[in-house]
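Each remark here refers to the structure printed beneath this line.
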Amino acid sequence: MQMASFAGYKLMGVNSATKHPVEAMKLAEFLTNEENQIKRFERRAIGPSNLKAAASEAVKSNVALAALAQQNAYGVTQREVLSSTWDPLEAFGTAMEAKNYSRTVKEMLNTMVQQITA
């Protein structure tokens with residue numbers, strides 16, 4: 001089976017109940033605009049979430065970000081994985097914590113993998 005990673009995204013949200021919605025939107029726009037995303041990349045080597053900034057040659061030529069972009073072909077979002085992964089992991093962890101060895105650890109691991117990959 002091909003190993004996979006979590007593919008993520010960066011999101012800037014503004015709480016609709018904020019007392020200062022105009023200022024909050026201005027801050028969100030400032031933090032996510034192309035110019036500031038490029039500055040963040042140049043100063044901290046953080047991959048930009050702004051699509052125009054991410055398309056720059058400097059970002060594309062960054063070895064770590066290029067490798068991450070290639071790995072994204074095998075990535076899945078956490079939302080896709082949450083429903084099929086966390087429940088089997090929790091059940092396995094609970095059995096281990098309770099020292100419930102009514103089945104072998106290998107059998108429990110196999111069951112967990114079957115549930116996750118079903």
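What you see is a predicted model, and the numbers here were worked out from it, not measured in a lab.
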TODO: Apply salt bridge (charged side-chain N to carboxylate O under 4.0 Å, His left out) to Glu35 and list each qualifying residue two or more places apart in sequence or on a separate chain.
DONE: Lys39
Open item on the list: Going by the rule side chain to side chain contact (heavy atoms under 4.5 Å, CB included), which residues pair with Thr104 if we only count those two or more places apart in sequence or in a different chain?
Closed with: Lys106, Glu107
Open item on the list: In this structure, would Met12 and Val14 fall into the same cluster of hydrophobic residues linked by side-chain contacts under 4.5 Å?
Closed with: no
Open item on the list: Ile46: which residues meet the side chain to side chain contact (heavy atoms under 4.5 Å, CB included) condition with it, sequence neighbours left out?
Closed with: Lys10, Arg40, Arg44
Open item on the list: Between Phe30 and Phe41, is there shared hydrophobic-cluster membership here, with clusters defined by ILVMFWY side-chain heavy atoms closer than 4.5 Å?
Closed with: no
Open item on the list: Is there a path of hydrophobic side-chain contacts, each under 4.5 Å between heavy atoms, that joins Val113 and Tyr74?
Closed with: no
Open item on the list: Treating Asn33 as the side-chain partner and Asn36 as the backbone partner, does any N or O pair qualify as donor plus acceptor under 3.5 Å?
Closed with: yes
Open item on the list: I'd like to know if the side chain of Gln37 reaches the main chain of Leu31, judged simply by a donor and an acceptor atom lying under 3.5 Å from each other, with no hydrogens or angles considered.
Closed with: yes
- [ ] Indicate the atoms forming the closest heavy-atom contact of Asn100 with Met108, along with that distance.
- [x] O-CE, 3.7 Å
Please list every donor-acceptor pair under 3.5 Å in which a side-chain atom of residues 16-23 meets a protein atom from a residue at least two apart or in another chain.
residue	atom	partner	partner atom	Å
Thr18	OG1	His20	N	3.2

Side chains of residues 51-68: which donor-acceptor partners sit under 3.5 Å, not counting sequence neighbours?
residue	atom	partner	partner atom	Å
Ser56	OG	Ala53	O	3.1
Ser56	OG	Val59	N	3.3
Ser61	OG	Glu57	O	3.0
Ser61	OG	Ala58	O	3.1
Asn62	OD1	Ala64	N	3.1
Asn62	OD1	Leu65	N	2.9

Task: hydrophobic_cluster_shared for Met112 and Tyr101, side chain cutoff 4.5 Å - done: yes
TODO: Give the minimum heavy-atom separation between Glu34 and Asn50, together with the two atoms involved.
DONE: N-ND2, 3.3 Å
Task: Residues which pass side chain to side chain contact (heavy atoms under 4.5 Å, CB included) with Ala69, listed by chain and number, not counting sequence neighbours - done: none
Open item on the list: Please check this pair: side chain of Asp87 against backbone of Leu89, looking for a donor-acceptor N/O pair closer than 3.5 Å.
Closed with: no
